[in-house]
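See below for the structure under consideration.
Hydrogens, waters and symmetry mates play no part in the numbers below; they use all other heavy atoms, side chains included.
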Amino acid sequence: MVFSSTIFIFFFLPLVLAGYFLAPSIKVKNVWLLLASLFFYFFGGSVFFPIIIYSIVLNYAGGRVIGYLQITGKEKAQKFFFVLTVGLNLLNLGYWKYAKFFMQIVNDITGLKLAIPDIILPIGISFFTFQGMSYVIDVYRKDAQVQKNILKIGLYISLFPQLIAGPIVRYADIEKQLNDRKHSVDEFAAGIRVFTVGLAKKAIIANSTAITADAVFGMHPYQNTPAVAWLGLFTYTLQLYFDFSGYSDMAIGLGRMFGFRFPKNFDYPFISCSATELWRRWHISLSTWFRDYVYIPLGGSRKGNVYFHLMCVFVLTGLWHGAAWNYVLWGFYWAVIIVIERFVTRQLQFKPMVPKFFKWCYAMFLWMMSMVIFRTETLQSSFQYFQSLFGLAPLQNVGFSLDYYINKYEIFIIILGTAAMLPAGKKCYESLKVKMPETGFILLENVATLLLFGVSILYVVTGTYNPFIYFQF
């Protein structure tokens, strides 16, 4: 059940909202949300339902044991159970997501012919596993108190707005909200607006650009002229950004409807002027998770080799996205670039006076090149697509020309998507809010939200493409 589907928008969400606001207390509201969230996951794949229950029970029990051992002062036992709980989380994730990949590597290296099981990746496992570990780590570090109510841990891990594709929410960030949160008409209305913007990003821009991107990448790279290859790459860049940021906006908006405040996941990454800045603005919840739970514990920039720490973080980031060599290479690609940037700017103290526009071009070029690795399924395909981009491919059975893909509607969507990636719209919104009378601005805001929602629903109903890219991670 995806957020941008009629069954979610017109059936599941209204029913959950009705039950939630009819509930007489925060305790009952939490129980209702937990039941709704578990049903949401069960609806998406009943065969995987035991896995999320396992995650809830494991992290609840681990937190309770660690908390008890902290009180009794048994440090060695506390460390043992902490490592055990985190290890069992990683083992669960490793089996479902990486077993086939690593068994294939073993077969390739040793020449063995081990039977590789047909394991289907449980939806959202990377996200809820990281959240579960966040709770246990925060308790172990004493950054959060032990939660004695398993229902609250269950709600934290399974809360449906961010269960499937984030943002990854740290337990310490919403610990108080699980016990007490405020509800108001203004917050609910704000949640609807954020959700509607996210729905528009997904239904109007991401789904539209996906048609062109999938068509181009569906061809053999040698069948694409350079112009077509660049078009496919650019439309995929738009698709990925609006697909994922759209989902994040919908998750954040849904959270606000229920009184939760989730951290933002994107901060206009395509205005960045360096790779380092881009990664501070892209998938922020994942970047901060790796920073707080991997980079800093390794020593960060204060202890040990900072370049090794950065390499570890970005290779793991690539591997987190998928069990395939292209994701490993994608992570390594960014690791090398980030390490070089840090070495040049920090170690060599070299900061050339380059116009901001050229810095921006540099960052965007790096991102676009990374999208080739991210999108193509094999390393060979990546190499061939690079050849196609730069006119080095031996063209064979050339497919459709640029004119086939480009029409007035496609041009409109590309322009709309490009404009929406920039903060100009936000600045215009804030300017109107200051200049217009409050009543008039609220009316305009509500009418605009209603119109945007209506148009988005038309796209949802008439469209044929609707899955979220990040569901596969």
Side-chain angles (χ1 to χ4, degrees), residues 130 166-168 170 173 230 233-234 236-238 240-241 244-245 248 263-321 325-375 379 382-383 386 389-390 418 421-424 426-427:
F130 270 34
I168 301 170
R170 290 181 52 173
D173 292 337
W230 279 103
L233 183 57
F234 185 68
Y236 178 69
T237 300
L238 291 174
L240 181 67
Y241 172 68
F244 194 22
S245 69
S248 296
K264 65 181 178 181
N265 217 14
F266 292 89
D267 186 19
Y268 296 103
F270 297 113
I271 65 170
S272 303
C273 292
S274 69
T276 303
E277 181 186 0
L278 196 153
W279 272 100
R280 290 187 185 130
R281 295 174 175 274
W282 176 275
H283 203 168
I284 299 170
S285 63
L286 180 65
S287 299
T288 54
W289 198 99
F290 275 114
R291 180 198 66 194
D292 294 342
Y293 298 127
V294 178
Y295 177 72
I296 293 176
L298 283 174
S301 59
R302 298 183 178 182
K303 184 180 179 181
N305 190 320
V306 63
Y307 303 112
F308 174 73
H309 302 159
L310 288 169
M311 292 288 288
C312 288
V313 165
F314 278 94
V315 171
L316 287 174
T317 299
L319 194 59
W320 179 89
H321 279 84
W325 283 114
N326 65 308
Y327 294 120
V328 176
L329 178 61
W330 181 75
F332 186 76
Y333 166 94
W334 282 112
V336 171
I337 291 170
I338 296 295
V339 164
I340 291 174
E341 277 195 4
R342 186 181 180 91
F343 180 79
V344 170
T345 58
R346 302 284 184 90
Q347 196 73 20
L348 300 181
Q349 295 292 312
F350 180 66
K351 297 180 180 180
M353 298 298 292
V354 178
K356 190 174 182 179
F357 174 75
F358 292 106
K359 291 181 180 179
W360 175 79
C361 290
Y362 152 80
M364 293 305 100
F365 178 78
L366 290 177
W367 181 260
M368 294 281 282
M369 294 303 98
S370 80
M371 288 294 94
V372 174
I373 304 171
F374 194 85
R375 177 61 175 81
L379 303 184
S382 296
F383 178 73
F386 280 123
L389 283 175
F390 298 105
T418 303
M421 287 195 297
L422 305 176
K426 182 180 179 181
K427 291 180 179 178

Within 6.0 angstrom of Y307 OH, more than 12 heavy atoms from elsewhere: yes
ring-ring contact (aromatic ring centres under 6.0 Å, His included), that's the test. Do W334 and F314 meet it? Break it down for me. CA-CA 6 Å; W334 282 112; F314 278 94; 7.5 Å; no
Closest non-hydrogen contact found for S287 with W279 is OG-O, 3.3 Å
When rounded to the nearest 0.5 Å, the distance separating OH of Y241 from CZ of F266 is 7.0 Å
For residues H309 and K303, report the shortest heavy-atom separation together with the two atoms involved. CE1-O, 2.8 Å
Within the 4.5 Å heavy-atom criterion, are Y295 and V306 side-chain neighbours or not? yes
Minimum-distance pair of heavy atoms, taken over all atoms of M371 and W330: CE-NE1, 4.1 Å
Is a side-chain N or O of W289 found less than 3.5 angstrom from the main chain of F130, in a donor-acceptor match? yes
Taking the side chain as C-beta and beyond, is there a heavy-atom pair between S272 and W282 under 4.5 Å? no
Determine, stepwise, if the pair R280 / T276 fulfils side-chain contact (heavy atoms from CB on, under 4.5 Å). CA-CA 7 Å; R280 290 187 185 130; T276 303; 3.6 Å; yes
Heavy-atom distance under 4.5 Å between the side chains of W320 and T317, does that happen here? no
Can I get a per-line list of side-chain donor-acceptor pairs under 3.5 Å for residues 354-369, giving both atom names and the distance, sequence neighbours left out?
residue : atom : partner : partner atom : Å
W360    : NE1  : F270    : O            : 2.8
Y362    : OH   : E341    : OE2          : 2.6

Look up atom CG in L316 and atom CG in L286, then write down how far apart they are to the nearest 0.5 Å. 10.0 Å
If I take atom CG from residue L238 and atom CG from residue L233, how far apart are they, to the nearest 0.5 angstrom? 10.0 Å
Min side-chain heavy-atom separation L389-F386 under 4.5 Å: yes
Are any non-hydrogen side-chain atoms of T288 and R170 less than 4.5 angstrom apart? no
Set out, in order, the CA-CA distance, both residues' side-chain angles and the distance that settles side-chain contact (heavy atoms from CB on, under 4.5 Å) for L298 and C312, then state yes or no. CA-CA 9 Å; L298 283 174; C312 288; 4.0 Å; yes
Determine, stepwise, if the pair R281 / I271 fulfils side-chain contact (heavy atoms from CB on, under 4.5 Å). CA-CA 9 Å; R281 295 174 175 274; I271 65 170; 3.7 Å; yes
More than 12 heavy atoms from other groups under 6.0 Å of OH on Y293: yes
First locate atom CZ of F290, then atom CD1 of I296, and finally report the distance between them rounded to the nearest 0.5 Å. 14.0 Å
Looking at CE of M421 and OH of Y268, how far apart are the two atoms once the value is rounded to the nearest 0.5 Å? 12.0 Å
Of all the heavy-atom pairs spanning S285 and N265, show the shortest one and how long it is. OG-OD1, 2.7 Å
Might you point out which heavy atoms bring E277 and S274 nearest each other, and give the distance in Å? N-OG, 3.0 Å
May I ask you to test the M311-V339 pair for a side-chain heavy-atom distance under 4.5 Å? yes
Distance in Å, I340 CD1 paired with L310 CG, rounded so as to fall on 0.5 Å steps: 12.0 Å
